[in-house]
Amino acid sequence: MYYLQDLNPVQRQAVESGEGPLLILAGAGSGKTRVLTYRIAHLIARGVDPWHILAITFTNKAAQEMMDRIISLVGSEARNLWVSTFHSACVRILRREISRLPNYSRSFVIYDAADQLALVKECLKVLNYDEKKIAPKAVLAVISEAKNKLLDVDSFEARAQDYFQEKVAKVYRLYQRKLASNNALDFDDLIMLTVKIFWENPDVLEFYQERFRYIFVDEYQDTNHAQYVLVNTLAQRYRNLCVVGDDDQSVYGWRGADVQNILDFERDYPEAKVLKLEQNYRSTQKILRAANEVVKHNFNRKEKSLWTENNEGENLVLYKGWNEHDEARFVVRKIRELSDLEGRPYADFAVLYRTNAQSRVLEEHLMKEGIPYRIFSGIKFYERMEIKDILAYLRLVHNPADRVSFARIVNVPKRGIGKSSVDKILEYAEEQGMPVLDALGEAAYIPGLGSRAVNTVTSFYQMISRFREEAAKGIPVTVLTELILKETGYLDVLRAENTVEAEARIENLNEFLSVTAEYDNNMEEYLEDAELQAEQNMLILGGFLEQVSLVAEIDNYDEGEDAVKLMTMHSAKGLEFPVVFSVGWEAGNFPSGRSILEQYLLEEERRLCYVTITRAKERLFLSYAEQRMLYGRIQDSLPSRFLQEIPPEVIDIESGEKEILGRVFGRQRAEDRSWQPESGITDSGSGKQNSGTVWGGGSSFSRDKGWQEKSSPVVKSNPDTFRVGDKVEHPKFGRGIVMAVKGEGLAAEITVVFNGEVKKLIAEYARLVKL
DNA sequence: GTGACCACACTTTTT
DNA sequence: GTGTGGTCAC
């Protein structure tokens with residue numbers, strides 16, 4: 001085959017190896033996507049009907065790309081392939097099969113995190129549980145975890161261990177009932193209920209097993225138990241399961257992903273062939289060296305060594321910023337420099353951070369410098385208020401049982417239907433067991449509703465009904481959306497506001513209309529696919545809502561755009577960039593403070609570190625800030641331990657000293673001053689400069705000892721001063737790490753973790769010694 | 001039923 | 001420091 005020439009021997013083997021289970025352990029940048037696409041193309045070329053192939057990717061964007069590549073390899077007959085994410089694939093199956101479950105219908109909607117939270121709160125209220133004692137978010141987390149493990153309400157309840165879990169079980173039961181009565185599914189239901197249908201309906205399972213004779217799963221290390229069961233159930237009949245992954249890149253443990261799935265593949269399929277892709281085509285030797293060395297510190301991993309024939313490359317650069325603004329200025333300055341000197345387009349650069357909150361400062365400085373950028377995380381487009389509002393309208397039109405959407409927009413814009421009326425309506429609908437929208441039609445019968453309220457409610461009902469009629473005619477989503485925006489007065493209200501914010505909201509709504517327009521244009525394709533002619537017209541709207549609820553921010557990633565990309569380390573997985581900046585390498589931020597206590601959490605952070613480093617092709621700049629504004633407070637921190645794990649000979653240290661001195665005597669002085677601690681937690685509080693590292697010789701990196709503090713010419717820290725991250729020793733508790741410092745001087749309350757035990761100590765009395 | 005004001009939680013990562 | 005959600009007065 002002509003295309004096999006671009007492959008190395010192992011890759012080629014992976015592409016050509018025949019039927020049966022196959023595990024491909026693919027290191028970062030080893031060309032796994034290429035192998036996957038070629039293997040699928042190869043299969044088709046050998047005469048396998050694309051109809052029989054299912055490929056699961058991690059994002060919708062990856063799915064789209066893979067589809068395009070395969071089509072370019074084997075032609076348009078590949079259209080019959082299913083390439084999608086787990087969630088999209090399940091929605092597609094559920095649209096056909098959900099009537100197998102009682103209480104759901106095809107017009108179901110998908111609830112996002114905010115909708116789920118609203119529903120859980122509703123449940124807590126009904127059960128009379130105090131939100132203060134039982135945090136809705138915690139409940140949701142437990143429910144989600146249960147669903148990821150395929151524990152339905154009954155099995156969860158049976159296993160409930162303690163008081164909290166028993167309460168959660170009650171909420172879970174009600175929550176699930178409410179979801180059904182709203183004809184809604186949450187993200188985890190998509191997987192769990194699909195599996196349930198397979199298990200309870202052998203004919204359905206057999207149909208899909210016959211259909212999907214060849215199954216591919218990318219990023220297998222990030223599958224959770226439910227996804228694992230789904231895939232393995234489907235693959236049972238033909239056993240043509242090909243999974244690709246890298247245990248070193250498993251970074252979604254916190255949402256239920258289980259690395260064990262990939263580690264156990266050979267146990268699950270003893271006849272499996274196993275191939276390792278270890279040649280990296282992406283990064284320079286030095287970048288790869290750094291990545292390898294860091295990840296070696298993990299104990300729980302499969303031993304492997306990634307190598308490359310690429311150039312040695314330049315050293316990594318570590319920048320010591322003295323606060324987050326200094327750090328951001330460094331990034332901006334470097335981007336300017338590399339773009340001016342080397343003529344790099346802005347699209348070459350990516351800035352990666354651990355937490356979304358860090359994007360703000362970067363954004364501020366990029367904007368100031370007029371550098372085009374794009375953020376792929378943070379407040380998502382579909383989470384904006386106005387977008388959620390218009391979506392709620394569309395969802396209610398599509399699914400008249402959707403109480404959460406109803407409650408959201410029944411009084412938006414204000415039309416005099418207040419909280420008490422809404423409660424009465426919801427209660428009535430529940431009692432009658434009817435969709436909320438139908439209840440509105442009977443407003444006159446709802447007990448306790450005044451005659452004024454009956455009128456307003458009725459006219460609201462008539463308005464939504466009109467929208468429903470239009471939707472049933474199959475008008476484009478764009479036209480429907482425009483109609484809603486106009487008829488509800490939503491747009492008028494915004495216009496009348498005449499503020500910058502309202503302006504931005506209108507702008508966003510226009511953006512939304514371009515999303516709907518794009519969808520409408522692609523509609524033909526969808527209709528062909530929709531095998532349910534009877535409900536076709538409603539499917540137009542349904543298809544749109546479905547698409548919208550399953551997009552991730554990263555799916556909007558546009559390579560062609562000449563802009564610096566900002567995103568979390570997690571979002572960057574699967575991507576690569578010529579030049580990578582990664583900021584905020586401080587203890588407590590990265591690795592995150594919550595991970596320090598548990599070895600397995602720390603190892604996941606370290607894998608995230610590995611992922612981050614291996615995103616870079618040519619240059620990698622790391623940075624940290626000695627002080628960072630967190631929570632409206634200034635916090636001191638130490639460099640991340642991961643920095644010490646990078647071999648010193650491949651990294652150069654640059655510090656902000658010169659820059660800072662220049663600024664101190666220049667115009668920036670006042671500005672920078674404002675970040676100095678005024679009070680609070682940062683130091684011993686006497687107004688002196690903090691520990692002096694920035695000003696004096698600072699800390700330094702030594703080959704055999706790692707990070708070392710040079711004695712500072714300014715102020716040596718007072719022995720009573722502890723900082724977050726300090727290692728300490730206590731006569732009774734032994735060694736520990738400082739987690740938090742509250743207050744100052746002798747009265748400071750210091751939180752220390754000793755051997756997994758958290759203690760709060762007062763500086764004056766605890767005989768703590770800094771190590 | 002509406003709007004203003006205050007308290008407080010929030011920061012890990014997302015399909 | 002910011003955004004949300006709850007309470008209170010009109």
Side-chain angles (χ1 to χ4, degrees), chain A residues 56-63 84-91 110-114 116-118 121 125 131-132 135-138 140-141 144 147-148 185-192 219 222-224 226-227 250-257 352-361 376-380 382-385 410-423 450 452-453 456 546 548-555 567-573 584 588-596 601-602 604-605 607-609 611-612 628-635 675:
Chain A
I56 302 288
T57 58
F58 199 64
T59 63
N60 291 297
K61 180 170 180 285
S84 68
T85 62
F86 270 109
H87 292 86
S88 302
C90 287
V91 169
I110 300 160
Y111 275 4
D112 68 13
Q116 293 179 49
L117 207 58
K121 285 182 180 170
K125 207 181 272 172
E131 278 191 27
K132 295 248 162 57
K137 274 200 170 160
L140 211 46
S144 169
K147 289 182 175 183
N148 287 160
L185 276 66
D186 66 18
F187 280 119
D188 305 313
D189 278 341
L190 297 176
I191 317 286
M192 183 174 78
E219 308 280 11
D222 284 323
T223 50
N224 62 38
Q227 294 166 335
S250 157
V251 293
Y252 283 97
W254 50 274
R255 70 172 202 215
L352 311 181
Y353 35 79
R354 182 64 180 78
T355 67
N356 282 307
Q358 291 173 253
S359 68
R360 247 192 57 205
V361 180
F376 291 93
S377 47
I379 299 179
K380 288 172 196 140
Y382 291 104
E383 283 169 15
R384 288 170 204 271
M385 182 173 69
V410 61
N411 203 28
V412 178
K414 302 250 174 319
R415 46 177 75 92
I417 306 176
K419 204 174 164 317
S420 63
S421 302
V422 173
D423 283 346
R452 260 239 314 264
T456 40
E546 169 184 320
V548 160
S549 40
L550 295 177
V551 290
E553 197 69 0
I554 205 70
D555 291 331
M567 65 185 80
T568 62
M569 295 169 172
H570 280 89
S571 302
K573 202 174 70 141
N589 184 57
F590 183 51
S592 98
R594 297 180 189 203
S595 68
I596 300 177
L601 291 175
L602 186 65
E604 177 153 314
E605 294 283 307
R607 291 192 291 267
L608 187 57
C609 180
V611 167
T612 303
R628 183 177 294 276
M629 177 88 84
L630 207 73
Y631 241 131
R633 311 211 120 193
I634 292 168
Q635 184 142 30
W675 291 302

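Quick caveat: nothing in here was measured; it's all calculated off a predicted structure. Naming: A, B, ... by sequence-line order, numbering from 1 per chain.
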Can you tell me if [X] touches the phosphate of [N], counting only side-chain N or O atoms and a distance under 4.0 Å to OP1 or OP2?
{"X": "Asn60(A)", "N": "dT15(B)", "value": "no"}
{"X": "Asn356(A)", "N": "dC10(B)", "value": "no"}
{"X": "Asn148(A)", "N": "dT15(B)", "value": "no"}

What integer distance in Å separates [X]:[atom1] from [N]:[atom2]?
{"X": "Lys419(A)", "N": "dG5(C)", "atom1": "NZ", "atom2": "P", "answer": "12 Å"}
{"X": "Asn411(A)", "N": "dG1(B)", "atom1": "CG", "atom2": "P", "answer": "9 Å"}
{"X": "Lys125(A)", "N": "dG6(C)", "atom1": "NZ", "atom2": "C1'", "answer": "11 Å"}
{"X": "Leu352(A)", "N": "dT14(B)", "atom1": "CG", "atom2": "C1'", "answer": "16 Å"}
{"X": "Tyr252(A)", "N": "dT15(B)", "atom1": "OH", "atom2": "C1'", "answer": "9 Å"}
{"X": "Arg633(A)", "N": "dT2(C)", "atom1": "CZ", "atom2": "P", "answer": "15 Å"}
{"X": "Arg255(A)", "N": "dT14(B)", "atom1": "CZ", "atom2": "P", "answer": "9 Å"}
{"X": "Asn224(A)", "N": "dT14(B)", "atom1": "CG", "atom2": "P", "answer": "16 Å"}

Counting the atoms with a prime plus P, OP1 and OP2 as sugar-phosphate, which does [X] contact under 4.0 Å by heavy atoms, base, sugar-phosphate, or nothing?
{"X": "Glu605(A)", "value": "base"}
{"X": "Lys137(A)", "value": "sugar-phosphate"}
{"X": "Ser571(A)", "value": "sugar-phosphate"}
{"X": "Ser88(A)", "value": "nothing"}

In terms of side-chain heavy atoms of [X], which of [options] is nearest?
{"X": "His570(A)", "options": "dT15(B), dG3(B), dT14(B)", "answer": "dT14(B)"}
{"X": "Arg360(A)", "options": "dT14(B), dT2(C), dT15(B)", "answer": "dT2(C)"}
{"X": "Leu630(A)", "options": "dT14(B), dT11(B), dG3(B)", "answer": "dT11(B)"}
{"X": "Ala357(A)", "options": "dG1(B), dT14(B), dT11(B)", "answer": "dT11(B)"}
{"X": "Thr568(A)", "options": "dG1(B), dG5(C), dT13(B)", "answer": "dT13(B)"}

Can you name the residues that form a ring pair (Phe, Tyr, Trp, His ring centres under 6.0 Å) with Phe187(A), not counting sequence neighbours?
-> His87(A)
State whether the side chain of Thr456(A) and the backbone N or O of Arg452(A) hold a donor-acceptor pair below 3.5 Å, judged by distance alone.
-> yes
Between Ser144(A) (side chain) and Leu140(A) (backbone), is there a donor-acceptor pair under 3.5 Å?
-> no
Using the C1' atom on both, measure dT4(C) against dT13(B) and round to a whole Å.
-> 22 Å
Residues two or more places apart in sequence or in another chain: which of them pass side chain to side chain donor-acceptor pair (under 3.5 Å) with Lys61(A)?
-> Glu65(A)
Could you check Ser421(A) against Asp188(A) and say which one's nearest nucleotide on DNA chain B is further toward the 5' end?
-> Ser421(A)
Quick one: are Asp189(A) and Lys147(A) in side-chain contact, heavy atoms under 4.5 Å?
-> yes
Is Asn589(A) close to Leu630(A) at the side-chain level, that is, under 4.5 Å between some pair of heavy atoms?
-> no
Answer yes or no for this row: Phe58(A) ring on dT15(B) base, centroids under 5.5 Å, planes under 30°.
-> no
